[in-house]
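Reminder, nothing fancy here: chain letters follow the sequence lines and each chain counts from 1. Computed over heavy atoms, backbone and side chain alike; hydrogens, waters and symmetry mates excluded.
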4 protein chains.
Amino acid sequence: MSKMENNTYTDKELAIFNGVIDLIKRGANIYLVTVSEIAKASGVGKGTIYEYFRTKEEVISKAILYNMKREVEHAIERVEQKNNFKDRYYEALEIIVENFDNKFSTINLLLSTGNFNELYEYMIDEKHLIAAYTSRIESIIDRLLLMGYEEGIITIEESQYYKRMVIISSIAGFINYINNRERYLDIDTQKAMDLCYKMVIKALK
Amino acid sequence: MSKMENNTYTDKELAIFNGVIDLIKRGANIYLVTVSEIAKASGVGKGTIYEYFRTKEEVISKAILYNMKREVEHAIERVEQKNNFKDRYYEALEIIVENFDNKFSTINLLLSTGNFNELYEYMIDEKHLIAAYTSRIESIIDRLLLMGYEEGIITIEESQYYKRMVIISSIAGFINYINNRERYLDIDTQKAMDLCYKMVIKALK
Amino acid sequence: MSKMENNTYTDKELAIFNGVIDLIKRGANIYLVTVSEIAKASGVGKGTIYEYFRTKEEVISKAILYNMKREVEHAIERVEQKNNFKDRYYEALEIIVENFDNKFSTINLLLSTGNFNELYEYMIDEKHLIAAYTSRIESIIDRLLLMGYEEGIITIEESQYYKRMVIISSIAGFINYINNRERYLDIDTQKAMDLCYKMVIKALK
Amino acid sequence: MSKMENNTYTDKELAIFNGVIDLIKRGANIYLVTVSEIAKASGVGKGTIYEYFRTKEEVISKAILYNMKREVEHAIERVEQKNNFKDRYYEALEIIVENFDNKFSTINLLLSTGNFNELYEYMIDEKHLIAAYTSRIESIIDRLLLMGYEEGIITIEESQYYKRMVIISSIAGFINYINNRERYLDIDTQKAMDLCYKMVIKALK
DNA sequence: TATGAATGAGTTTTCATTCAT
DNA sequence: AATGAATGAAAACTCATTCAT
């Protein structure tokens, strides 16, 4: 039972994580999904799951955290490839669009309303991880803001909290658009992005 | 036993709804709560629940919708008692603060990320109700904006979508603050509200 | 609670019996029928049933016995109106035809395979009643046989048991026809009766 | 654990069937028996039953059909070992005697009054099976009759329906004797058989 | 090491019976 | 006397977890 080395995972563990993530992306409810379903989706036996994890709760929680880590890292990598304020901001919105069909998007979980707190109790044990992602995102936002300042887009004299809040609010507003697109037939995605950006500019000027 | 309290539910149904809402407000997970727990929290026998509802799913879904209706109506009533743009906006934030401990806050559900869609399948049948609340909130926002316009606070020439988005984004940003208060020790609630308002003013000027 | 006088029943008791009989004739299974269904079918409240009977088992058992008594008496009355062997025998078959749609026919219960024994345990207490009906039927058969003897139709020198057995067997055979009519498309009811009668005559000659 | 015993059922399914059959033979009512009782009688866990069958109804219905198949096949085999009309007929009566304590005898179900129709709804799906047994029995009767004809015991010129009816009626009459033995103290089983046979001979002469 | 058949604890659901009105 | 709302004991059924293979 060679559990894992540091923070890498065995093939079986990864298969199981991917099974869970798959199920959830296909609409399964993390509270109602069964171990049998996970086993089938992962292509492993039910017993095997218990070779690698102690309980169902642990499987699901760790799978979610694994996915979160991956998504956040991927998002950061993409955002950092953009070299100016506007491109970087739009890239963030772009990522949100791409993740829309994924009800289980980490962005949703991290940025918005704290519904995340409702997740498995178990995760409380892993709260430091979530906090780590949250502060990584914060530093990304800080660098974005610095870029905007250096480019002369941001000129306002206000606390860092205010500036971060503007970015976070605008992104939350954009997520709200994405989640309710069917109600805004006259606003296409490009338009919605442009208006988010406009708000940011005005609020930070 | 006066059969109907209002024109909709019997006393027993209301007792059961309140039992469910109580449980959830005390931290129960809507997917993991049991009928026995609901019965105990409602002060009725387990069998009684099945006299009034066909399944556990129906009980919980209807309780949530009932609560949503009540909360939305209460919030609207409070907001409408304020007669100027600023007071009305702050009143909305105030309501959010008061609802914070309520993991199950309708504001969270309605305004933000659409995690609401993940709720019990059953609710799909009641989607029109949720849509109705959403558009009531929208018209409240529209009236708020009109007020701001009449008071000369809002002067921007932009689409209604933009203006609504500013309000919604700022509220979502405020919810984010509330949900992460422990991370913003240097910002008290009053300050957070003021900064939200500042963003709104700047974005709508 | 004026229970009953001797062997007459109150209106309520009769209403309940008729409710039960109705349900069963409409295809309900006596083991699966619920007290609520009986109450609805009887047009009385569920509580009322427990004013007149101690348990569900008692209600159903007594209703069945009541029906049995009525059916047997009615059958005997009809049979005795016929004044010769052949008419009397045919009248018995006629009654069976008329009762066919009634899965719950007493004739089935009494004459045939003893499936009756499977009925409610409770009935064991009332076994004397069933025995009484059985021996009334036996004496009807005896009088029928006497008639046939006097008419010169029956001439065989054999035990009374044999003669009764011939009658009972032929009726059981006819019931088998009735219950499987769809398998005997070339045999109409009249023909089946005639062949039963033929067998009886030959066996008793 | 050799998966399939014959080409139809797993070992576990057979264990469950035998548990059900056992219970019924020991006097349990097929409508009132519980899954817990079946589990205990089968020597398997309650959950195991639901691994192999979808509902309690399915378990019981399939167990009954399984038993019916076995009993019919066994009876036919025994009957066919006899090489003349009389022995074959008596062998059939013998089988009935042996099955008497079995309230759940297939012979009762198939030959007689059609009470069988009252069994679980589920069986309607399997009606073709029951029809198949019924017609197998019919062809056994036909071969018996042919034997009697060839031996010169049967000489009557009548329809096949009549001849079959005589056999079926006599067997039904014998079942009636068996089920009411306590009322016929002066007739022992041998005597009852002989009289049945006598009736058959006379009716088919 | 990997498995899935087996299981029973714990869930949802039913319904005979009670009892306040 | 008549009722049906309320109930909990007992039923059907589910599924996380175990363990023999």
Report yes if some heavy atom in the side chain of [X] is under 4.5 Å from a heavy atom in the side chain of [Y]; otherwise report no.
{"X": "C:Val59", "Y": "C:Val20", "value": "yes"}
{"X": "D:Ile38", "Y": "D:Ile60", "value": "yes"}
{"X": "D:Tyr50", "Y": "D:Val35", "value": "yes"}

Just compare [options] and give me whichever is closest to any side-chain atom of [X].
{"X": "C:Tyr50", "options": "E:dT7, E:dA16, F:dA10", "value": "E:dA16"}
{"X": "B:Thr48", "options": "F:dC13, F:dA6, E:dT18", "value": "F:dA6"}
{"X": "A:Lys12", "options": "E:dT17, E:dA5, E:dT3", "value": "E:dT3"}
{"X": "A:Val44", "options": "F:dA6, E:dA9, E:dT3", "value": "E:dT3"}
{"X": "A:Thr34", "options": "F:dC13, F:dA16, F:dG8", "value": "F:dA16"}
{"X": "D:Tyr52", "options": "E:dA5, E:dA2, F:dC13", "value": "E:dA5"}

Return the nucleotide paired to [N]: Watson-Crick means purine N1 to pyrimidine N3 with N6-O4 or O6-N4, wobble means G-U with N1-O2 and O6-N3, both under 3.5 Å.
{"N": "E:dG4", "result": "F:dC19"}
{"N": "E:dA9", "result": "F:dT14"}
{"N": "F:dA9", "result": "E:dT14"}

For DNA chain F, whose closest nucleotide is more 5', that of D:Glu51 or that of C:Ile49? C:Ile49
Heavy-atom nearest nucleotide on DNA chain E taken for A:Gly47 and for D:Gly43; more 5' hit belongs to A:Gly47
Passing candidate, side-chain contact (heavy atoms from CB on, under 4.5 Å) with C:Ile21, options C:Asn67, C:Ile16, C:Ile64: C:Asn67
Can you measure [X] atom [atom1] to [N] atom [atom2] for me and round it to whole angstrom units?
{"X": "A:Glu57", "N": "F:dC15", "atom1": "CD", "atom2": "P", "value": "17 Å"}
{"X": "D:Phe53", "N": "F:dA12", "atom1": "CZ", "atom2": "C1'", "value": "16 Å"}
{"X": "B:Glu37", "N": "F:dG8", "atom1": "CD", "atom2": "P", "value": "17 Å"}
{"X": "B:Glu58", "N": "E:dT12", "atom1": "CD", "atom2": "C1'", "value": "14 Å"}
{"X": "A:Arg54", "N": "F:dT18", "atom1": "CZ", "atom2": "P", "value": "12 Å"}
{"X": "D:Leu32", "N": "F:dA10", "atom1": "CG", "atom2": "C1'", "value": "14 Å"}
{"X": "C:Lys46", "N": "F:dT7", "atom1": "NZ", "atom2": "C1'", "value": "10 Å"}
{"X": "C:Ile38", "N": "E:dC15", "atom1": "CD1", "atom2": "P", "value": "12 Å"}

Side-chain donor/acceptor contact of B:Lys56 with base of E:dT11 under 3.5 Å: no
Any donor-acceptor N/O pair under 3.5 Å between E:dG4 base and A:Lys40 side chain: no
I'd like to know whether C:Leu65 forms a side-chain contact (heavy atoms from CB on, under 4.5 Å) with C:Met68, so could you lay out the CA-CA distance, the side-chain angles of the two residues, the decisive distance to 0.1 Å, and finally the verdict. CA-CA 5 Å; C:Leu65 290 168; C:Met68 184 150 44; 3.4 Å; yes
Quick one: list whatever passes ring-ring contact (aromatic ring centres under 6.0 Å, His included) with C:Tyr66, sequence neighbours left out. C:Tyr9, C:Phe17
Looking at every strand, decide which applies to D:Val35 at a 4.0 Å heavy-atom threshold: base, sugar-phosphate, or nothing. sugar-phosphate
Under 4.0 Å, counting only non-hydrogen atoms across every strand here, what does B:Gly45 touch: a base, just sugar-phosphate, or nothing? sugar-phosphate
